[in-house]
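Written out below as structure tokens is the structure these notes cover.
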Amino acid sequence: MESAKKHYANGQLQAEIARRVSYRTESQASEQAAQLHVYLKLELEAVLSRMGFTCLIVDNPLSGKPPLLFAERHEGDDLLTVLTYGHGDVVRGYDDQWSDGLNPWKLNVQGDKWYGRGTADNKGQHSINLAALETVIKVRNGRLGYNVKCLFETGEEIGSPGLKRYCELNTRQLKSDVFIASDGPRLSASQPTIFLGSRGSVLFELSINLRSGGLHSGNWGGLMRNPATILANALASMVDGKGRILIPDLLPPPISPLIKTTLGKLSISDALMGREIDKHWGEPGMSSAEKLLGWNSLEVLAFTSGNPANPVNAIPPNAKAFCQLRFVVDTRWEELKAILRKHLDAHGFESVDVKVQRGTAATRLNPDNVWVRWAEQSMKSVLDREIAILPNLGGTLPNDVFANVLGLPTLWIPHSYPGCAQHAANEHMLASIADEGMQIMTSLFWDLGELTPEQMHQS
Ligand SMILES: [Zn+2]
């Protein structure tokens, strides 16, 4: 723990993150494609090789998509194996939107905040984990007492293309006992957090195309169908004016007693969220934690008809809405198209077309799993604080790949917080969390070496 604290206090961790932030690994910008490989090679392969890993930078199984890195450090066949993960890509810099004096590609320290693109998502987080692992290797004189596998991708911000395929094709190579990684936010800056999965997300489009051009509202109004009116009513039949989902098939089964108890320990308050929560929004009778982490939400993301910038006196010919369902495990999201079709037809909205775009499954490890209790214990031993345990994150991560394709118990230990401005200008990491993160991960990577497979295989 002394070495871990020193790695933070002497500026080494900050220097590593600063160096990594300087690579423009914007996976959404095709002109930066070469940087993704450079980052894997010069940053991740370099540090992993130094730590005794065998590294393999591999082409994405989907042609033209960004590369991945697989690394392995093997100490013995009878030992536990941990799989970890991170992503080297970041969203676009939006360079001109940052506050005065800030540059997304140059780490800038202001008080407790370390500004820079990727500090929170995900370079800062995987830098902490790699530094903690290296600390344990050094202090234990080169021996961890378990095996480690690492998987890094460089396309997370464009939907992790090929990640699932890679794991499906390499289940033997990736076989492990547990998954531990870091991404996303803590419940709040001051609460060390473990989340055990994520809500899923599926995007869909509703549209009505009635005719090729607008019709004068004086000559035709009252005679001809208005697609905007129909679509607004179709949406209103799906989700009411207080955010409650009205299609039973789009809801999960009732929240189980165990999940209710787990969520009951989390207080999601105005203070914690940094803004006043709309108390009467969402499923009636549920707590904020249940609404956000134990239930589904249906959002209208964008809705257009006619030309809002220059309205004319005409019945518009078409209307379109982009929607998203965030959902927890056991939601029948893969049947979304059929569910929506049936609902719309039953309510007289046959003219509304449904197009389901991409979706990611929801996951959730049982909060009673032996690995969860182990991690909670290990974290408590260094911080002596309550650990927030979230059955799943409210947001979405490619965790179904690890939980479902590889069948692993998944523990996510985030080193960021809700105000980190991830995906926006002024993204930052909190130095205080980086400091704690070093200690938490060092504790976990240390304690892992004292477990035997027999102890954990009851999971
Ligand atoms: Zn992200």
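Every value quoted in this text rests on a predicted model; they were computed, and no experiment measured them.
Annotation: salt bridge (charged side-chain N to carboxylate O under 4.0 Å, His left out) contacts of Arg186 (sequence neighbours excluded): Glu436. Among residues two or more places apart in sequence or in another chain, the side-chain hydrogen bond (donor to acceptor under 3.5 Å, both in side chains) test is passed with Gln28 by none. For the salt bridge (charged side-chain N to carboxylate O under 4.0 Å, His left out) test, residues two or more places apart in sequence or in another chain that qualify with Arg20 are Glu43. Partners of Arg326 according to the salt bridge (charged side-chain N to carboxylate O under 4.0 Å, His left out) rule, which considers only residues two or more places apart in sequence or in another chain, do not exist here. For Ser237, the side-chain hydrogen bond (donor to acceptor under 3.5 Å, both in side chains) partners are His343, not counting sequence neighbours. For Gln439, the side-chain hydrogen bond (donor to acceptor under 3.5 Å, both in side chains) test picks out Asp435, with sequence neighbours left out. With sequence neighbours left out, the side chain to side chain contact (heavy atoms under 4.5 Å, CB included) criterion links Lys175 to Lys149. Contacts of Lys380 classified as salt bridge (charged side-chain N to carboxylate O under 4.0 Å, His left out), with partners at least two apart in sequence or in another chain: Glu386.
In this structure, Tyr146 has its ring center no closer than 6.0 Å to that of His74.
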Stepwise salt bridge (Lys or Arg N to Asp or Glu O under 4.0 Å) test for Lys279 and Asp270: CA-CA 10 Å; Lys279 299 285 175 316; Asp270 296 356; 2.9 Å; yes
Using the side-chain contact (heavy atoms from CB on, under 4.5 Å) rule, take Leu44 and His126 through it: C-alpha gap first, then chi angles, then the decisive distance, then the call. CA-CA 10 Å; Leu44 299 180; His126 64 243; 4.0 Å; yes
Using side-chain contact (heavy atoms from CB on, under 4.5 Å), reason through Leu203 and Leu301 one step at a time and then give a plain yes or no. CA-CA 9 Å; Leu203 296 163; Leu301 304 177; 3.7 Å; yes
Can Glu283 and Arg244 be said to form a salt bridge (Lys or Arg N to Asp or Glu O under 4.0 Å), step by step? CA-CA 5 Å; Glu283 189 68 23; Arg244 178 186 198 177; 3.5 Å; yes
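For Glu168, the CD atom sits in a packed shell: over 12 heavy atoms of surrounding residues, nucleotides or ligands are nearer than 6.0 Å. Under a cut-off of 6.0 angstrom, the local environment of CG in Asp240 is crowded, with over 12 non-hydrogen atoms contributed by other residues, nucleotides or ligands. Environment of CE in Met286: crowded, with over 12 heavy atoms of neighbouring residues, nucleotides or ligands closer than 6.0 Å. Around the CG atom of Asp59, the shell of radius 6.0 Å holds no more than 12 heavy atoms that belong to other residues, nucleotides or ligands. Enclosure of atom CZ in Arg385 by more than 12 non-hydrogen atoms of other residues, nucleotides or ligands within 6.0 angstrom is indicated.
By the 4.5 Å heavy-atom criterion applied to side chains, Ser443 and Ser381 are counted as neighbours. Between Met441 and Ile413, the closest side-chain pair of non-hydrogen atoms falls below 4.5 Å. Thr363 is listed as a side-chain neighbour of Asn404, based on a closest heavy-atom distance under 4.5 Å. Side-chain contact between Leu340 and Leu250 is present, with heavy atoms from C-beta onward closer than 4.5 Å. Leu210 has its side chain out of reach of Pro317: every pair of non-hydrogen atoms, C-beta onward, lies at least 4.5 Å apart. A 4.5 Å side-chain heavy-atom check between Tyr85 and Val401 finds every atom pair outside the cut-off. Here the side chains of Val354 and Leu344 are in contact, with some heavy-atom distance below 4.5 Å. Between Leu48 and Cys150 the shortest side-chain heavy-atom distance falls below 4.5 Å.
Taking the six-membered ring where tryptophan is involved, the planes of Trp371 and Trp374 are perpendicular, since the angle between them exceeds 60° and thus also 30°. Relative ring orientation between Phe402 and Phe179 is described as parallel, the plane-to-plane angle staying below 30° on a 0-90° scale split at 30° and 60°. The aromatic rings of Trp333 and Phe327 lie parallel to each other, with less than 30° between the two planes, well short of the 60° mark.
The side-chain hydrogen bond (donor to acceptor under 3.5 Å, both in side chains) pairs that include a residue from residues 245-261 are Asp249-Arg332, Lys260-Glu290, where partners are two or more places apart or lie in different chains. The stretch residues 415-430 participates, sequence neighbours left out, in these salt bridge (Lys or Arg N to Asp or Glu O under 4.0 Å) pairs: Arg117-Glu427. Residue pairs meeting the salt bridge (Lys or Arg N to Asp or Glu O under 4.0 Å) criterion with at least one member in residues 193-203, sequence neighbours excluded, do not occur. For residues 350-362, the set of pairs meeting the side-chain hydrogen bond (donor to acceptor under 3.5 Å, both in side chains) definition, not counting sequence neighbours, comprises Glu205-Gln357.
Listed for the Thr193 side chain is a donor-acceptor partner under 3.5 Å among the backbone atoms of Leu187.
Thr331 and Asn296 form a side-chain donor-acceptor contact under 3.5 Å, judged by distance and modelled atom types alone.
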